[in-house]
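What you are looking at is a predicted structure, and each value in this text was computed from that prediction instead of being measured.
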Amino acid sequence: QVQLVESGGGLVQAGDSLRLSCAASGRTFSTYTLGWFRQAPGKEREFVAAIGWSADRIYYADSVKGRFTISRDNAKNTVYLQMNSLKPEDTAVYYCAAASIIPRPMSNMAEPQRYGYWGQGTQVTVSS
């Protein structure tokens, strides 16, 4: 069982940066594949990024590639999402998720149904 709690959201201006954190409980955190998703009002949940258990496998949505960086610290049971050059269209509730599977290929982790655990979300608002 894994419980996830996101933090770090807020209101920023276009071009600013934010770092989201997701703290997880559970002794097997290091074995989970972790992902970030986002959902804007009136839109479906959208994949952002995913990272494998050893952090050597990472996959990004095209919309954030080059601007966002996902990372994890297994010693702290935490996954991060560094978001740079934020745009108004990045405005959404951001969720972290955990999956107890080994993704093959990594692009499979763009599918929300592959995750068994979700956090409650943190709001990110980017003003123009």
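Side chains of Ser63 and Glu46 form a contact here, defined as non-hydrogen atoms less than 4.5 Å apart. Side-chain contact between Gln82 and Asn84: present, with at least one pair of heavy atoms (C-beta onward) separated by less than 4.5 Å. Looking at heavy atoms from C-beta onward, Val79 lies in side-chain contact with Ile70 at the 4.5 angstrom threshold. When side chains are defined from C-beta on, Arg19 counts as touching Tyr80, because their heavy atoms get closer than 4.5 Å. No side-chain heavy atom of Pro103 sits less than 4.5 Å from a side-chain heavy atom of Arg114. Side chains of Leu34 and Phe29 form a contact here, defined as non-hydrogen atoms less than 4.5 Å apart. Side-chain contact between Met83 and Leu20: present, with at least one pair of heavy atoms (C-beta onward) separated by less than 4.5 Å. Looking at heavy atoms from C-beta onward, Thr33 lies in side-chain contact with Met106 at the 4.5 angstrom threshold.
Contact detail for Ser128 and Ala14: the closest heavy-atom pair is CA-CB, 4.4 Å. Taking both residues in full, the closest heavy atoms of Ala24 and Leu4 are given as CB-CD2, 3.5 Å, listed atom of the first, atom of the second, then distance. Across every non-hydrogen atom of Gly9 and Val124, the tightest pair is CA-CG2, 4.1 Å.
In this structure, Trp118 and Tyr95 have perpendicular ring planes: the angle between them is above 60°, well past the 30° mark.
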| Audit row: Ile102, Arg57, side chain to side chain contact (heavy atoms under 4.5 Å, CB included) steps and yes/no | CA-CA 10 Å; Ile102 298 174; Arg57 302 177 70 203; 4.1 Å; yes
| request: Report the C-alpha separation of Ile101 and Met109 in whole Å, then their side-chain angles, then the decisive distance to 0.1 Å, and conclude whether the side chain to side chain contact (heavy atoms under 4.5 Å, CB included) test is met. | output: CA-CA 10 Å; Ile101 61 175; Met109 301 316 295; 3.9 Å; yes
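Listed for the Glu6 side chain is a donor-acceptor partner under 3.5 Å among the backbone atoms of Gln120.
Partners of Phe47 according to the ring-ring contact (aromatic ring centres under 6.0 Å, His included) rule, which considers only residues two or more places apart in sequence or in another chain, are Phe37, Tyr59.
Between atom CD1 of residue Ile51 and atom SG of residue Cys96 there is a gap of 12.5 Å, rounded to the nearest 0.5 Å. Rounded to the nearest 0.5 Å, atoms SG (Cys22) and CG (Asn77) are 10.0 Å apart. Rounding to the nearest 0.5 Å places CZ of Phe68 at 9.5 Å from OG of Ser17. Between Gln39 atom CD and Gln123 atom CD the span is 11.0 Å, to the nearest 0.5 Å. In this structure, the separation between CG on Leu86 and CZ on Arg67 is 6.5 Å, given to the nearest 0.5 Å. For the atom pair Leu18 CG and Thr122 OG1, the distance stands at 9.0 Å (nearest 0.5 Å).
Linking ILVMFWY side-chain heavy atoms closer than 4.5 Å, directly or via other members, places Tyr115 and Tyr60 in two distinct hydrophobic clusters. Residues Ile58 and Val48 are members of one and the same hydrophobic cluster, defined by side-chain heavy-atom contacts under 4.5 angstrom among Ile, Leu, Val, Met, Phe, Trp and Tyr. By the criterion of side-chain heavy atoms lying less than 4.5 angstrom apart, applied directly or through intervening Ile, Leu, Val, Met, Phe, Trp or Tyr residues, Tyr94 is grouped together with Tyr117 in one hydrophobic cluster.
Other residues, nucleotides and ligands place no more than 12 heavy atoms under 6.0 Å from the CD atom of Gln3.
Salt-bridge annotation for Lys87 and Asp90: absent, with no side-chain N of the basic residue lying under 4.0 Å from a carboxylate O of the acidic one.
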